[in-house]
Every structure is written in C-alpha cells, then in structure tokens.
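Excluded from the calculations below are hydrogen atoms, water molecules and symmetry mates; all remaining heavy atoms, backbone and side chain alike, are included. Proteins get letters first, then strands, A, B, ... in listed order; numbering begins at 1 in each. Just so it is clear, the model here is predicted, and its values are computed rather than measured.
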Amino acid sequence: MTGGRSERQIIMNKNYDHKETESRIYSAWEQSGAFCPPEGEDLPADKKTFTVIMPPPNANDPLHVGHAMFVTIEDIFVRYHRMKGEVTLWLPGTDHAGIETQFVFEKKLAKQGKSRFDFDRETLFQMIWDYVKDNSGVAIEQMKRLGASADWSRYKYTLEPEIVKEVVKTFIKLHEDGLIYRSVKLVNYCTKCGTAYSELEVDHEEREDKLYIIDYGKLKVATTRPETMLGDVAVAVNPEDKRYQSLIGEKIKLPLTQREIPIIADSMVDMEFGTGAVKITPAHDPNDWEVAVRQGWNMDEIVRDHQVIGTNGKMNKNAGVYEGLNINDAREKIVNDLGTALVETKPYLHSVGTCYRCHRVIEPLPMKQFFIKVKSLAEKALTALDSGETTIMGAGHDKILRHWLSNLRDWNISRQIVWGIRIPVWYKNDDFVVSETSPGDGYVQETDTFDTWFSSGQWPVVTLKTNKPGDFEAYYPTQVMETAYDILPFWVMRMMMLGIYMTGKSPFKYVYLHGLVRDEQGRKMSKSVGNVINPLELTEKYGADSLRMALVMSTTPGQDSATGENKVRGMRNFANKIWNASRYVVSMEESGIDGDNDQELMDNLNTHIETTTKRLDELKVGFAAEWAYSWFWDSFCDQYIEIAKKGLIGKQAMLKALKTNLILLHPFVPFVTEAAWAEVFPDEGMLISQCWPKLP
RNA sequence: GGACUCUUAGCUCAGUUGGUUAGAGCGCUGCAUUCACAUUGCAGAGGUCGCAGGUUCGAUUCCUGCAGGGUCCACCA
C-alpha cells in the first residue's frame with residue numbers, strides 16, 4: 001500500500017459480508033438503547049411522538065414473507081422518524097390467535113389419535129399454553145434478523161394477565177353501557193371445528209348441489225336441503241304472487257310427518273325462483289329466521305320444537321325417526337322416503353357458506369351467544385374517516401371499509417373453544433352476572449371464550465395502557481397502523497370501533513395497507529404450487545437488507561407486489577455497491593478540488609434530501625426507496641465517483657455526500673449502511689442515531 | 001347482483017397531485033477487465049402508456065363508455 005491511503009482500506013473487505021455484520025450490528029443497536037424511547041411519564045406533553053403498534057403475529061407461527069413485508073415497511077417508517085428526532089416507539093407483540101392455534105393444536109392431537117373432547121378445559125388450555133410457549137420466541141428472533149428496530153422491552157402478548165384484565169374491563173364497560181346482549185340467534189357454526197363464527201369468518205364457495213322440488217299438497221316448494229323440512233314451520237309465498245294469493249292463510253300437511261303448517265306471505269320470496277313457494281325453517285336458515293321474527297312468532301318455541309340438527313352435525317330428537325343420522329344420510333333417507341312427493345331433482349350450482357378453517361359447510365344453528373351492538377361504534381368510526389382523523393392509504397380500501405362499517409351486523413363474540421380469554425360472565429340458574437371474578441357461591445363461569453379479534457381489536461389501547469407508566473398518555477393515538485389489506489374488516493375496523501369507544505380517539509392517524517406478496521410471476525404463493533418464498537432463507541443467503549429492499553422497491557399501498565430470488569439478488573448487489581462506494585471514498589486522497597463540481601454535487605444532494613424526505617413524509621415507501629436507490633447508484637456512484645477519480649471533486653465533498661447518502665439509505669438498508677458508516681465515520685457514533693439531514 | 005382494483009419495455013412493477021427525449025429490477029445485444037465494486041462499467045435494442053370518445057394550448061396522468069384480468073362483498077330457497 002502506498003503511503004497516502006487509509007489503513008482502513010485494508011480492513012474493508014472487497015465484498016460486503018452480511019453474515020459477518022448483521023447479528024453484531026443488531027446487538028449493538030439493542031445495547032445502545034436506540035429502540036427504546038423514554039417512559040411516557042418522562043416526556044413533556046408537547047414532545048412530538050411517532051408511534052407504530054406492530055400487528056401481532058401468531059405466537060406459534062414462523063414468519064412468512066408477509067411478515068417480512070410489514071417488518072420492512074414499519075421499520076422504514078420508524079427509523080426515519082427516529083432520525084428526524086421524534087420520540088419514536090414501535091411496540092411489538094404476539095397474538096394467541098384463538099381459533100388458528102387451537103385448530104393447529106387439535107391437528108397435532110389428532111395425529112396422536114386424540115381429540116379436544118378427551119380433556120377438560122383447564123388441561124386443554126394448559127396443553128396449548130405449553131405448546132405455544134415452546135414455539136413462541138421464534139417469530140421475535142426472526143423479526144430481529146430482518147432488522148426490526150422495535151422496542152422489545154415493551155413487548156406484549158394477548159394472553160398475559162394485564163392484557164386479559166383490560167380486555168375483560170372493556171367487555172364489562174360495554175355491558176354497562178347496554179351494548180352487550182345475550183341472545184339466541186342463528187350463528188354460523190362449524191360442526192367439525194365445534195365453534196360458532198362471526199360472518200366474517202365464513203367463506204363462500206360455489207358448489208354443485210341438487211335442487212329438490214317437493215309436493216307439499218296445495219303447492220310445491222323448492223329446496224336444496226330436504227332434511228330440514230322436518231323443522232318447517234310454514235310455507236311462504238310472495239304476497240303479489242297471483243298463483244298463490246288465494247292460499248295465504250290456509251294450512252297444509254307436511255309430507256312425512258303430516259304436521260300441519262300455515263301458508264304465509266312474505267315479500268322476501270322471489271316469484272321467479274323455483275316454484276315461488278319457500279319452506280320456512282327458522283332454526284336452520286337465516287332468511288327463514290328473519291321471516292319468523294317478522295311474523296312475530298315465539299322464537300324460543302321454534303328452537304325448542306323445530307330445531308332438527310344439533311351442534312354435533314346430527315339430526316336431533318325433533319327429527320323423530322331420523323334422530324342420530326348425520327346430515328347427508330338424513331337427506332338421502334328423506335329423499336327416499338318422500339316417494340312420489342318428490343316431484344323433481346335437478347342439478348343446481350350455488351354458493352354455500354364454508355368454514356374458513358376446515359372448509360366444511362357451515363351450519364346455521366340457533367345458539368345463545370354474546371353479541372355486541374355495533375351500530376353506534378360503527379357510526380363513530382365512520383365519523384373518524386369523514387373528519388380525516390384517520391386516513392386509509394391503499395387503493396380503494398377506504399371505500400371498502402366504509403361499506404363494511406355501513407352494513408355491519410351485530411358482532412357475535414362467543415367462541416366455543418378454550419384457547420382464548422374466557423368470557424367474564426357467571427350463571428346461577430337462568431340469570432347471568434357480568435363480573436371479573438365470581439360473584440359468589442353457586443355461580444358457574446361461562447365456558448365460551450372471546451373471539452380473538454375482540455382482544456386484538458383493543459390492541460393499540462391495551463398494549464399502551466399496560467406498558468410503562470405514562471405510555472398511554474404519551475403515545476396514544478398512534479401515527480401509523482401498517483398491515484395487510486386482507487384483515488381490514490377483521491382487525492382495522494374493530495380497532496377503530498373499540499379504540500374510539502374506549503378512549504374517544506381513533507387509535508391511528510394513518511392506516512397503511514400493504515398488498516399481498518406474490519411470486520416472481522405474479523402468482524399467489526401456495527404450498528401446493530411450491531412457489532412459497534421463505535424470508536429466512538433469503539436473508540441467510542443474501543442478507544436482510546437485500547430482502548427488505550426487494551420487498552419494498554416499487555410497491556404501492558393496497559396493491560399486490562411480486563418478489564423472488566432474482567430481485568433479492570439484485571438488491572444484494574446494491575448493498576455491495578454501498579459498501580464499495582464507501583470503500584472508495586474512504587481511500588480517496590486529498591486532491592485537486594474543483595469548486596464547480598463540489599457545488600453541483602451539493603446542489604444535487606439537496607434535491608436528493610428533499611425528494612427522499614418528501615416521499616417518506618407522504619408514506620410512499622416504495623417510491624422513496626426507488627429514488628434513494630437510483631440517486632445513489634446513478635448519480636453518486638456512476639457520475640460523482642467517476643468525476644472524483646479524475647481529481648475534480650474534493651474528498652471532503654465526497655465524504656459529505658456519502659454521509660448524507662448513508663443516512664438517507666439507512667431506513668431501507670440498515671445493516672450495510674451501519675457497517676459502512678462504522679468504517680468511514682468511526683468517531684461519530686452509530687448511524688441509527690444520526691440526525692436526518694435538513695435542507696439549508 | 002354490488003363494489004373495488006388493474007391493463008405502461010420480453011417478465012414483474014413504479015410513475016412525484018397534466019407539461020420538454022415515459023422509468024426501475026430481472027432478462028437481452030455489443031464492448032470493456034490489475035486502477036471501489038464482475039455482486040462491475042460503458043453503449044444499445046425494446047413501449048401507438050388496453051380500446052374509443054371527451055375536457056385542455058397540452059393527458060400515461062382528469063372525465064365517460066367499452067373490453068379483458070384480479071380481489072372483496074351479497075340471504076336467492
């Protein structure tokens with residue numbers, strides 16, 4: 001080496017080695033305390049804060065590429081605002097994911113030839129708890145590998161006692177405010193999973209079934225479910241239908257049982273469809289339930305006498321001789337037994353509700369469940385959207401959310417599973433008491449648990465309320481909620497409704513919805529296609545920075561994006577470019593300076609700062625990443641370094657430009673920029689804690 | 001049936017609130033290799049910005065209609 005060159009050139013390897021740097025740098029960040037903003041009570045009231053609550057991944061799931069996406073985008077926001085000097089909190093956590101987790105656990109049990117019914121609820125809960133405990137921590141470690149600069153000292157879990165206490169308090173408050181009721185209604189029940197769902201958890205699938213035309217004597221009815229005719233309480237026709245007007249009010253005898261039922265009029269009946277006459281089975285069809293309610297019939301009696309299918313998916317005692325048969329067998333037998341009363345059978349394509357977990361047909365069944373009256377909550381959420389208190393970023397999803405909020409039905413929050421927060425309701429005889437603890441002797445607690453989304457829906461509030469002193473006051477409401485658009489109605493909508501209910505303020509200013517990550521050909525990733533990319537493998541191979549950059553480059557909120565190994569490899573090259581440009585600048589000799597070139601560099605640098613800052617302020621991460629990438633590569637490397645090689649730009653100007661670039665690039669590619677920073681500016685502290693450049 | 005969204009280079013996608021030669025990654029062609037980086041550089045090919053109208057001095061960008069793809073919602077028995 002010649003005398004003028006820096007010693008550090010010898011130290012800096014020719015290629016950037018992420019394996020050597022990443023874990024070391026992450027530890028240094030953690031130890032520096034940069035992730036952890038002060039406790040809320042230490043903050044002056046006027047101090048500007050920037051808060052992001054992390055969408056809690058399932059505690060027992062390894063990360064998939066969607067998680068990598070949210071980690072990347074949120075980490076970019078967080079690092080940017082932290083460097084801008086705002087008090088920045090990124091609060092992480094994990095979710096117990098009630099049904100998901102219990103479902104996975106039951107699969108495990110099934111492999112051992114066991115089922116949930118072999119255990120009492122306490123034992124089962126404990127078994128799942130231990131199972132989740134064994135797996136938890138995996139997600140956290142993986143997020144750290146991606147560079148997530150979250151405040152782990154404030155980590156929260158949905159089933160920890162403090163959180164459970166807050167969630168229960170909210171339920172009690174809702175009850176006191178008259179927003180909770182317990183009622184028998186038709187709920188979406190999966191007889192395989194053994195629990196009810198809200199309507200959001202029901203998928204609709206096209207199925208090829210049969211439409212049966214059955215002769216009911218004075219008229220014929222069309223049905224896809226003949227087995228439910230045992231529970232018929234009426235036949236309905238349209239009041240305008242001339243064919244049947246004269247029959248309204250008359251009675252007919254139900255085939256098979258000869259039970260007498262009335263012919264009624266209801267405008268819900270479509271004259272064009274089938275025979276224009278509908279059998280009314282309130283206990284097994286949502287429409288029919290509504291008809292019965294409109295008729296003013298006694299629903300308790302209907303359920304008592306005319307529910308013919310039980311929660312076990314079998315015909316019950318009201319089904320008489322068919323008792324004990326499962327639904328399909330009962331259907332077959334009834335169709336047989338109908339004999340000549342069965343007029344016609346034709347193939348019929350229609351959509352049926354299926355369980356989003358196991359894809360069995362959902363059985364609408366009357367059950368006593370707890371519901372939240374959502375109307376007032378939804379209206380306030382709509383107001384928050386109208387006033388701009390909360391803005392949804394992501395192609396068209398603002399309208400979708402409004403549509404949801406405007407058409408919402410009461411929310412069934414009871415789930416017949418053990419893995420969750422047990423509903424704080426106590427029974428003695430027929431009465432129930434809502435209470436955190438047992439109200440006294442002889443009371444038995446409800447065995448149902450809350451819908452997972454009932455606790456997740458309170459996440460921004462409860463994670464801050466149960467955290468460090470003063471955190472809630474200092475950090476709520478938050479600035480950005482970043483998540484995938486597919487959980488907009490499940491989660492974001494509920495957070496808005498419950499957040500406003502609990503605090504009077506919408507929990508976040510912006511909702512940034514990222515799209516689904518697809519494979520390089522734009523196909524949906526699926527295990528069967530075998531095109532699922534594993535974020536950890538790619539991180540291992542190319543470095544976290546490369547994966548982050550590949551995920552975020554050229555993405556736009558609400559729109560799906562495509563990523564694959566080629567893209568990641570290209571971004572690995574970018575990381576190496578940063579490293580080598582730094583390596584060059586650090587080795588430059590102090591040489592001839594041309595004032596014009598220096599000035600032009602500084603002017604362009606200001607444009608760079610201005611544009612990157614603007615795009616990040618507008619939450620356009622993909623667009624910002626694209627700009628920072630090409631400015632660095634095309635301008636700094638390909639133009640200015642080449643000029644500098646000719647001795648036409650001074651080393652100091654190049655150092656300044658490099659410094660600015662490392663800062664501007666840091667939110668996107670934190671590891672390599674930190675590593676290069678340590679080489680070029682060893683006396684200036686860590687890059688993560690540098691100030692974002694201001695324009696002159 | 002309703003809503004949303006997309007249609008830009010071979011592929012996957014950006015496009016700074018309408019304005020001179022429309023961009024990136026990967027791929028392709030040619031040249032260059034002790035001189036930061038071959039995980040490179042230089043040069044280049046490649047686009048009627050889905051189609052048809054409209055607004056405008058001017059539209060990839062705004063409006064309308066149409067076609068095709070995708071997604072979500074919906075109680076038609």
Side-chain angles (χ1 to χ4, degrees), chain A residues 9 12-17 186 199-200 203-204 209 211-214 221-226 228 235-236 268-281 284-291 348 350-351 353 364 394-404 407 485-486 488-489 515-516 518-524 542-543 546 549-550 553-556 558-588 610-611 614-615 618 620 622-627 629-630 633-634 637-638 641-642 644-645:
Chain A
Q9 190 195 6
M12 282 184 88
N13 293 324
K14 200 168 162 183
N15 288 330
Y16 171 64
D17 179 9
L186 276 202
E199 75 260 29
L200 273 67
D203 286 338
H204 291 90
D209 269 321
L211 188 65
Y212 303 90
I213 313 291
I214 304 172
V221 300
T223 180
T224 52
R225 303 201 56 191
T228 64
V235 171
M268 155 280 243
V269 179
D270 180 354
M271 292 184 275
E272 309 293 316
F273 186 88
T275 60
V278 189
K279 63 195 248 352
I280 299 299
T281 322
H284 297 290
D285 184 283
N287 290 320
D288 298 0
W289 180 274
E290 295 301 321
V291 170
Y348 181 53
H350 67 153
S351 96
H397 285 98
D398 174 64
K399 284 183 187 170
I400 292 172
L401 180 57
R402 285 169 192 276
H403 184 261
W404 271 107
N407 295 287
Y485 65 73
D486 58 353
L488 182 71
L516 271 37
R518 294 165 174 275
D519 80 357
E520 236 150 0
Q521 282 85 46
R523 295 174 305 180
K524 213 168 180 172
Y542 298 107
S546 315
M549 203 65 180
M553 274 276 274
S554 297
T555 61
T556 192
Q559 221 66 55
D560 294 351
S561 60
T563 296
E565 184 157 354
N566 281 332
K567 201 167 176 183
V568 179
R569 192 187 304 116
M571 294 305 139
R572 186 272 316 268
N573 297 354
F574 179 60
N576 192 55
K577 194 77 181 173
I578 294 172
W579 179 258
N580 270 290
S582 304
R583 183 167 166 248
Y584 177 78
V585 172
V586 91
S587 73
M588 274 176 72
E610 190 180 15
T611 305
K614 183 164 177 266
R615 291 179 182 186
E618 292 170 348
K620 296 179 176 173
F623 205 22
E626 215 173 286
W627 171 269
Y629 175 99
S630 58
W633 200 312
D634 302 342
C637 295
D638 291 347
I641 287 184
E642 292 310 313
K645 280 181 186 170

Spacing of the [atom1] atoms in [M] and [N] (rounded, Å):
{"N": "rG68(B)", "M": "rG54(B)", "atom1": "C1'", "answer": "23 Å"}
{"N": "rA24(B)", "M": "rG53(B)", "atom1": "C1'", "answer": "33 Å"}
{"N": "rU16(B)", "M": "rU33(B)", "atom1": "C1'", "answer": "39 Å"}
{"N": "rG47(B)", "M": "rU60(B)", "atom1": "C1'", "answer": "11 Å"}
{"N": "rU12(B)", "M": "rC6(B)", "atom1": "C1'", "answer": "14 Å"}
{"N": "rA9(B)", "M": "rC4(B)", "atom1": "C1'", "answer": "28 Å"}
{"N": "rC13(B)", "M": "rA22(B)", "atom1": "P", "answer": "23 Å"}
{"N": "rA45(B)", "M": "rU39(B)", "atom1": "C1'", "answer": "25 Å"}

Worksheet entry | Position toward the 5' end of RNA chain B (nearest nucleotide), D270(A) or K14(A) |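 Per heavy-atom nearest nucleotide, the more 5' residue is K14(A).
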Discussion item. Quick check: on RNA chain B, is the nucleotide nearest A581(A) upstream (toward 5') of the one nearest G570(A), or the reverse? Name the residue that is more 5'.
Written reply: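 Upstream on the strand: G570(A).
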Item to complete: For RNA chain B, write out the stems as range with range, using runs of 3 or more consecutive Watson-Crick or G-U pairs with both distances under 3.5 Å.
Response: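 Looking at RNA chain B, the stems formed by three or more consecutive pairs are B:1-7 with B:67-73, B:10-13 with B:23-26, B:28-32 with B:40-44, B:50-54 with B:62-66.
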Distance check, rounded to the nearest 0.5 Å: [X] atom [atom1] versus [Y] atom [atom2]?
{"X": "H397(A)", "Y": "D486(A)", "atom1": "NE2", "atom2": "CG", "answer": "8.5 Å"}
{"X": "M571(A)", "Y": "N566(A)", "atom1": "CE", "atom2": "CG", "answer": "11.0 Å"}
{"X": "C637(A)", "Y": "K577(A)", "atom1": "SG", "atom2": "NZ", "answer": "5.0 Å"}

Counting side-chain heavy atoms from CB outward, which of [options] is closest to [X]?
{"X": "N576(A)", "options": "rC75(B), rC4(B), rU39(B)", "answer": "rU39(B)"}
{"X": "A222(A)", "options": "rA77(B), rG15(B), rC37(B)", "answer": "rA77(B)"}
{"X": "M571(A)", "options": "rG25(B), rA36(B), rC76(B)", "answer": "rG25(B)"}
{"X": "Q559(A)", "options": "rC75(B), rG25(B), rC6(B)", "answer": "rC6(B)"}
{"X": "R572(A)", "options": "rG25(B), rU39(B), rA14(B)", "answer": "rU39(B)"}
{"X": "Y629(A)", "options": "rA36(B), rA24(B), rU40(B)", "answer": "rA24(B)"}
{"X": "K614(A)", "options": "rG25(B), rU16(B), rC75(B)", "answer": "rU16(B)"}
{"X": "Y584(A)", "options": "rA77(B), rA36(B), rU16(B)", "answer": "rA36(B)"}
{"X": "F273(A)", "options": "rA77(B), rC37(B), rA14(B)", "answer": "rA77(B)"}
{"X": "N15(A)", "options": "rG70(B), rC37(B), rC6(B)", "answer": "rC37(B)"}

Worksheet item: Crowded around Q521(A) CD? As in, over 12 foreign heavy atoms under 6.0 Å?
Response: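 Correct, the count exceeds 12.
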With a non-hydrogen cut-off below 4.0 angstrom, is [X] in contact with a base, only sugar-phosphate, or nothing?
{"X": "E520(A)", "value": "sugar-phosphate"}
{"X": "D638(A)", "value": "sugar-phosphate"}
{"X": "N566(A)", "value": "sugar-phosphate"}
{"X": "W404(A)", "value": "sugar-phosphate"}
{"X": "H397(A)", "value": "nothing"}

Practice prompt. State which residues pass ring pair (Phe, Tyr, Trp, His ring centres under 6.0 Å) with Y16(A); sequence neighbours excluded, sorted by chain then number.
Written response: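 With neighbours one apart ignored, the set is W579(A).
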Item to complete: Report yes or no: is the cationic atom of R572(A) (NZ for Lys, CZ for Arg) closer than 6.0 Å to the six-membered ring centre of Y542(A), at no more than 45° off its axis?
Response: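 No, R572(A) and Y542(A) do not form such a contact.
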Fill in: Results of salt bridge (Lys or Arg N to Asp or Glu O under 4.0 Å) for K614(A) - residues two or more places apart only
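Counting only residues at least two positions away or on another chain, K614(A) forms a salt bridge (Lys or Arg N to Asp or Glu O under 4.0 Å) with E618(A).
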Worksheet item: Is a donor-acceptor contact shorter than 3.5 angstrom present between the side chain of K645(A) and the base of rA36(B)?
Response: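 Check passes, donor-acceptor contact within cut-off.
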Item to complete: Check whether the side chain of K577(A) and the base of rC37(B) form a donor-acceptor pair under 3.5 Å.
Response: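 In this structure, the two groups form a donor-acceptor pair.
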Discussion item. Between W633(A) and Y629(A), is the ring centroid distance below 6.0 Å?
Written reply: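 They qualify: ring centres under 6.0 Å apart.
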Practice prompt. Take atom CG of D285(A) and atom C1' of rC76(B), then tell me their distance rounded to the nearest Å.
Written response: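 From D285(A) CG to rC76(B) C1': 10 Å.
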Practice prompt. For side chain to side chain donor-acceptor pair (under 3.5 Å), just list the numbers for K279(A) and T228(A), CA-CA rounded to whole Å, side-chain angles, deciding distance to a tenth of an Å, and then say yes or no.
Written response: CA-CA 9 Å; K279(A) 63 195 248 352; T228(A) 64; 2.7 Å; yes
